[in-house]
Amino acid sequence: MKLAKAYDPNQFEPNIYAMWETSGAFNPSPTGEPYSIIMPPPNANGNLHIGHALTINLEDILARYYRMKGRSVVYIPGADHAGFETWVVYERELARAGKSRFDFSREQLYSQVWNYVDGQRGNMELQLRALGTSASWDNLVFTLDKKVIDTVHQTFKKLWDDKLIYRGERIVNYCTVHETSFADIEVVHKNEKGKLWKIAYPMLDHIGEIVIATTRPETMLGDVALAVHPDDERYKKLVGTRVQLPLTDREIPVIADEYVDKDYGTGVVKITPGHDPNDFEIGKRHELEIRNVIDNSGRMINVPTQYISMTAEDARKRVLAALKAEELLRGEETIQHAVGHCYKCDSVIQPLVKDQWFLNTKPLAERAKQALQSGEISFTPSSRKRVLIQYLDNLRDWNLSRQIPWGIPIPAFQNENDSSDWIFDERVDEETIDVNGTTYRREEDTFDTWFSSGQWPFITTDALSGGELSKYYPTDVMETGVDLLDRWVSRMIMLGLYMTDKIPFKHVYMHGMVLDEKGQKMSKSKGNVINPMEMIASYGSDALRLGIVASRSAGQDQAFSTGNIVAGRNFCNKLWNISRFIQDKLGENYQPRAPKPKSLADHWITRELNQAITDIDSYIADYRFAEASDTMYHAVWDSVADWYVESSKDNLNPGMLAWVLETSLRIAHPFAPFVTETIWQTLTWKDNLLMSDKWPETIEYEDISASQFERLQALVTEFRYVMAELPGNKRYPLLYQTDSLIADNTDLIKRLSQASEVTSVDQARGLRLAASGREAWLDVDADTLYEHQANLEMRLAEARQYAQKLEDRLSNEAYVSKAPEALVDQTKKELADKQDLIERLAHELEVIA
RNA sequence: GGACCCUUAGCUCAGUUGGCUAGAGCGCGUCAUUGACGUUGACGAGGUCGGAGGUUCAAGUCCUCCAGGGUCCACCA
């Protein structure tokens, strides 16, 4: 087979992927110890972004590596219905068609969005294939598959029976644009400038007044009390009295509550249980009425007529104006405070009282915390574990209800005649059901997406039903972005432990964000988004994979580097050409044979590759992807291509050449699957898939021979260095006296050093390659020799300086007595070597002079 | 208000338990080269590891403080 000079990834990648997929190589092998990774399911409706490329790459490196190590690997892919995300997109489509969600039933909307997503879904999966994902497609799970819904309902039932689920009136985070509530974690808090207004509430005697401070004057229309701290001397006597609520005809009491901070504002807080979480709590403690004055769309209700139907924003202006007119404003100051925003549309989140489903997270969080503290689950980077524990400590109850149709329905029904009577039932397709003669009406809300995502590990592996994949639960590693630590990782641990009594995964690896080339966060609005598919089109999938993992450490945000991708592309080409050379030398009819190191180069490359194999093993075990990839890169490029292939041109050892090529391909495969498999398929003596083949094993070599090759390298490097320093014609002969290492390797030295001749002489002349430590000379004339004098002087000075440093170290009593003996011995040897060098260089200088 | 992280070569970044003259990719300079590869080869320049203290025989690595940058969490009205 004739191979093109340069590797063209686009020509091979799609076919190679198809070959893998049709061969069944992505499915777990029937034998071997299980190893499992679950892919964080990408949005079925979207395109992959560069962050996905990183995630998939890291996971795929592990999957391919452990597969080659003989483990029974399952890498389970997924597709996410991305409830709210997709809903927002679809609602925009509806608006474009002049329709709204209120024109359809839940079933109609659900099936419309289903069809919409179904039409898009293939894109994302094709993109995963373009990345080379070795996922087990037969086991793909969509987050709205029946088994997901069934399991989520089962979990809900168990929580219900354990009385951890409750329905209650609580303050929820509500987006009045999208008309749905959110979990606390979904709200984006921003520090913003706001105003703190001081407002006087007149006493009933119309003489005195109490001044309160608030950032949201419009909510005063829903006030039901004022609160002061019980120990606040200023207000103590007012507790129990009543004040006039301005702009209304209502009177409200003054109460005392520990929550109030005497030192903030005026020390008096207006209590609006309908629109503030703290006030809601205080209201409960004091059995105060809840007055809702803002509705789901953000408009005023239950207020004096002039404010009815105004937006909260307008109402604020009107209220302030009215207060001013009545001379009740007592000043304002600008403050910095946190304001909640919708993470999608950025509008201000309204705290509203809603009757919704909540999960009591306390017991779940406690158990998750124990699993973390006991070390059952480990983290890379390890510091994230502490962050997660801190999060679990402060966790509040979780609002599971979402008012959007695109999601898993909450399987609960309400008695038509008794609003407090709720029952669990899975017949969510029916609007009403009949139970023992009583009619129940279904809950229209759906679950928070993270409630189902939090169950992903045991759902995808069928851990509850004990299916075939259940042996892969708990999974070995959960790899995801640092941003999902609390909203996803925490929930998987909590719900996993709760439902299966096992941790969902043994290790969590968190990667940082991929920033743009300037270190800025990528966003569509900034227009700095890097599309992984464009990178693949330009450089190839392997190049993207190699480039994105290079120099990247866990949990750390890092800028994208096109230079690294280019380096990856070049590496693939290097590998391609190594194989071209070796295959050319082996010929079409090469018969496989056991590798037997013979030449010095053979022994040396064996040692180098053996070392690379074991280094990569330990780096991957430590999740040090960049170091593993770097080790592979330099073993292949520096050792194999630059030294071994060059050396082989004079001394062919077919068995070794084949072993070196195979080993290079094997160690590179997890990092660059396409090019390695492409080459593997061109090997005449192989008829299997590299991806299903084995991780290489080390073979025997002689250390003495390997070290001798290293001495030759030192000679060659010194020769090249001196040549580069010398002016004029660069091709000098190399002369040597009694040096058997040189005598035995004249052809090799000649080739590697570009010497015109390597000749044995009786009488040395020219420039001695002093630093190489060999009896070798460059045959140059006196003038050229003189040119080199300055260089020798410089090197001598450097050597002396360093020797002095070593001497100082050794003359330090404390160092000799306290440092490890091996280190001291090493220092002594180093000094001796350095002194030898100094002697040789000095002697050489004398000769010149 | 809490917590975490970052500051190392012109650029983007590695550098595990403190210990060989601090590394990579890209960029830069000099030179080379008609068959494995210009997506190349050889050689080289370039860093007092943000600053100041401290611990230690030994600090880029550990501790304290300071400066600058970033991220996450948070119901102070």
Side-chain angles (χ1 to χ4, degrees), chain A residues 3 5-7 171 173 184-185 189 196 212-216 227 259-261 264-266 268-272 276-281 337-338 340 351 381 383-384 386-387 390-391 394 396 482-483 485-486 512-513 515 517-519 521 539 543 547 550-553 555-564 566-585 618-619 622 624 626-627 630 633-634 641-642 645-646 649 716-717 720-725 730 753-754 798 801-802 805-806 809 812-820 822-824 826-827 830:
Chain A
L3 301 177
K5 269 188 159 187
Y7 173 65
I171 287 271
N173 308 297
D184 296 332
I185 194 79
H189 291 275
L196 188 64
I212 60 96
T214 181
T215 53
R216 302 183 62 203
Y259 161 76
V260 180
D261 180 352
Y264 191 89
T266 61
V268 189
V269 189
K270 62 195 254 332
I271 302 300
T272 322
D276 182 280
N278 297 310
D279 294 5
F280 182 83
E281 292 301 320
H337 65 150
S383 61
R384 296 286 163 179
R386 283 206 314 277
V387 177
Q390 186 193 340
Y391 172 76
N394 299 318
R396 299 190 306 155
V482 283
D483 51 331
L485 179 69
D486 38 29
M513 299 290 106
L515 307 173
E517 299 219 47
K518 292 178 190 136
K521 216 167 176 171
Y539 302 101
S551 295
R552 191 173 287 275
S553 60
Q556 210 58 50
D557 291 358
Q558 196 196 312
F560 182 84
S561 162
T562 306
N564 284 345
V566 170
R569 190 264 322 257
N570 295 354
F571 175 80
C572 293
N573 192 55
K574 178 57 77 175
L575 203 48
W576 178 255
N577 279 290
I578 290 170
S579 117
R580 283 215 309 150
F581 171 81
I582 292 179
Q583 292 196 68
D584 184 52
K585 296 300 173 206
S618 71
Y619 281 134
D622 290 343
R624 297 184 155 267
E627 287 90 336
D630 192 60
Y633 177 99
H634 289 289
D642 289 346
V645 165
E646 283 307 313
K649 288 174 180 173
V716 166
T717 303
R720 290 163 170 173
Y721 169 76
V722 173
M723 277 206 313
E725 294 295 317
K730 300 295 170 187
S753 66
Q754 299 286 338
E798 274 174 8
Q801 198 182 353
Y802 189 61
K805 198 168 133 185
L806 294 175
R809 195 180 296 169
N812 180 348
E813 280 294 322
Y815 174 71
V816 178
S817 61
K818 288 189 182 174
L823 194 67
V824 177
Q826 195 183 318
T827 309
E830 227 179 311

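Naming convention: chains lettered A, B, ... in sequence-line order (proteins, then strands); numbering from 1 in each chain.
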> Whom does U16(B) pair with, Watson-Crick or G-U wobble, provided both distances fall under 3.5 Å?
none

> Please give the distance between the C1' atoms of A14(B) and A24(B) as a whole number of Å.
7 Å

> Would you measure the distance from the C1' atom in C26(B) across to the matching atom in C20(B) and give it in whole Å?
28 Å

> Need the pair for U7(B). Rule: Watson-Crick or G-U wobble, both distances under 3.5 Å, any strand; none if unpaired.
A67(B)

> Classify the ring geometry between F571(A) and Y633(A) as parallel (under 30°), tilted (30 to 60°) or perpendicular (over 60°).
parallel

> Taking G15(B) as the reference, what is the distance to U7(B) when you measure between their P atoms (whole Å, please)?
9 Å

> G1(B) pairs with which nucleotide, Watson-Crick or G-U wobble, both distances below 3.5 Å?
C73(B)

> Taking only the C1' atom of each, what is the distance from G50(B) to C6(B) in whole angstrom?
11 Å

> Considering residues at least two apart in sequence or located in another chain, which fulfil the side-chain hydrogen bond (donor to acceptor under 3.5 Å, both in side chains) criterion with R809(A)?
none

> Choosing from A77(B), A14(B), C37(B), which nucleotide comes nearest the side chain of H337(A)?
A77(B)

> List, with names and distances, any nitrogen or oxygen atoms from the protein found under 3.5 Å away from nitrogen or oxygen atoms belonging to nucleotides 71-74 of chain B.
| from | atom 1 | to | atom 2 | distance (Å) |
| --- | --- | --- | --- | --- |
| C73(B) | OP1 | R487(A) | NH2 | 2.9 |

> Let me have a per-nucleotide readout for nucleotides 16-30 of chain B, 5' to 3', with B, S or -, counting only protein heavy atoms under 4.0 Å.
S--BBB--BS-----

> So for K574(A) and C37(B), does any side-chain atom that can act as donor or acceptor lie under 3.5 Å from a complementary atom in the base?
yes

> Who is the Watson-Crick or G-U wobble partner of C62(B), with both distances under 3.5 Å?
G54(B)

> Provide the distance between the two C1' atoms, one in U55(B) and one in U61(B), to the nearest whole Å.
14 Å

> Searching all strands shown, indicate the nucleotide that pairs with A32(B) (Watson-Crick or G-U wobble; both distances under 3.5 Å).
U40(B)

> Could you work out the separation of G44(B) and C5(B) based on their C1' atoms and round it to a whole Å?
37 Å

